[in-house]
Amino acid sequence: MRFYQPPSAPTARKGAGCMIMARKTGRFLMCKRAVNTPYALCWASFGGKSEGSESAEQTARREAFEETGHRIDGPVEHLFHFELSTFSFDTFIATVEEEFEPRLNSESEDASWMTLEDIPENVHDGLRAILEDKITVNRLVRHVESTSGRWCDFDRIFRKA
């Protein structure tokens, strides 16, 4: 006897990344995407697709290392989950003690340490979703203020959708 097995649902692609913040300055390392990449010349945090059975946190740590040359050894905090029918992405906050000079790979043409208030308008859709979510922006502000002591201007960070 044969049993009916419904076709399995298409596997959603997964990815993860992190916003890297320097504790001493309260600034975040952002990358400007290279011309030959999706979202060319947009500013973004570091991240990418999961490999094999990686957890979201493992993916975020690996991608940060691949894209900056800096290993994230300390704890990371889950910040935001974004999901579409075929793709999901998790963003973490990684705090390093001080700013470092990243070794960029071919996916980025530039990088800069900047305050949340100074993140440019031309950003990757994933970063835009974070900056348009009031609760997430509040969490970012609290993290910066409690970790670095630097005051943040919520009204200059939050972007109304």
Q. If you draw a 6.0 Å radius around CD in Glu101, do more than 12 non-hydrogen atoms from other residues or ligands fall strictly inside?
A. no
Q: Kindly check if the number of other-residue, nucleotide or ligand heavy atoms within 6.0 Å of CG (Leu84) is above 12?
A: yes
When hydrophobic residues are tied together by side-chain contacts of less than 4.5 Å, even through go-betweens, does [X] share a cluster with [Y]?
X      : Y      : result
Val96  : Ile93  : no
Ile119 : Val137 : yes
Phe100 : Met21  : no

Could you state the interatomic distance from [atom1] ([X]) to [atom2] ([Y]), rounded to the nearest 0.5 Å?
X     : Y      : atom1 : atom2 : value
Glu77 : Cys18  : CD    : SG    : 12.5 Å
Leu29 : Ser112 : CG    : OG    : 8.0 Å
Glu83 : Asp90  : CD    : CG    : 8.5 Å
Thr68 : Arg103 : OG1   : CZ    : 8.0 Å
Phe89 : Lys49  : CZ    : NZ    : 11.5 Å

Is it true that [X] and [Y] have a side-chain N and a carboxylate O under 4.0 angstrom from each other?
X     : Y      : result
Arg23 : Glu97  : yes
Arg33 : Glu109 : no
Arg27 : Asp118 : no

Judged by atom type as modelled, is there a donor-acceptor pair below 3.5 Å linking the side chain of [X] to the main-chain atoms of [Y]?
X      : Y      : value
Asp153 : Glu117 : no
Glu132 : Ala129 : no
Ser148 : Glu145 : no
Ser108 : Leu104 : no

Q: Verify side chain to side chain contact (heavy atoms under 4.5 Å, CB included) between Met30 and Met19, making sure each step is shown before the conclusion.
A: CA-CA 8 Å; Met30 295 290 161; Met19 295 180 70; 3.5 Å; yes
Q.
Which residue in the set Thr91, Val123, Ile157 passes side-chain contact (heavy atoms from CB on, under 4.5 Å) when paired with Ile130?
A. Thr91
Tell me, do [X] and [Y] make a side-chain contact under 4.5 Å, heavy atoms counted?
X      : Y      : answer
Trp43  : Met114 : yes
Leu116 : Phe28  : yes
His143 : Leu79  : no
Lys24  : Thr147 : no
Leu131 : Phe158 : no
Phe82  : Asp125 : no
Ile20  : Trp113 : yes
Asn36  : Glu107 : no

Q) Taking the inter-plane angle between the rings of Phe92 and His78 on a 0 to 90° scale, is it parallel (under 30°), tilted (30 to 60°) or perpendicular (over 60°)? A) perpendicular
Q) Would Glu121 and Arg159 satisfy side chain to side chain contact (heavy atoms under 4.5 Å, CB included), going step by step from the backbone distance to the final call? A) CA-CA 9 Å; Glu121 286 298 316; Arg159 302 185 182 181; 3.9 Å; yes
Using every non-hydrogen atom in the two residues, find where [X] and [Y] come nearest and quote the distance to one decimal.
X      : Y      : result
Cys152 : Val144 : SG-CG1, 3.4 Å
Ala16  : Ala56  : CB-O, 3.2 Å
Glu54  : Gln58  : CA-OE1, 3.3 Å
Glu98  : Ala22  : C-CB, 3.8 Å
Val76  : Ala94  : CG1-CB, 3.9 Å
Ala64  : Phe46  : CA-CB, 4.4 Å

Q: Would you check, one step at a time, whether the test side chain to side chain contact (heavy atoms under 4.5 Å, CB included) holds for Lys14 with Thr59?
A: CA-CA 9 Å; Lys14 295 181 179 183; Thr59 300; over 6 Å; no
Q) Do the numbers put Arg71 on top of the ring of Phe65, so that NZ or CZ is under 6.0 Å from the six-membered ring centre and no more than 45° off the axis? A) yes
Q: Evaluate the criterion side chain to side chain contact (heavy atoms under 4.5 Å, CB included) for residue pair His81 and Ser88; output intermediate values, then yes/no.
A: CA-CA 7 Å; His81 178 79; Ser88 67; 3.8 Å; yes
(Q) Could you check whether Thr25 and Glu99, counting side-chain N and O atoms only, form a donor-acceptor pair closer than 3.5 Å? (A) yes
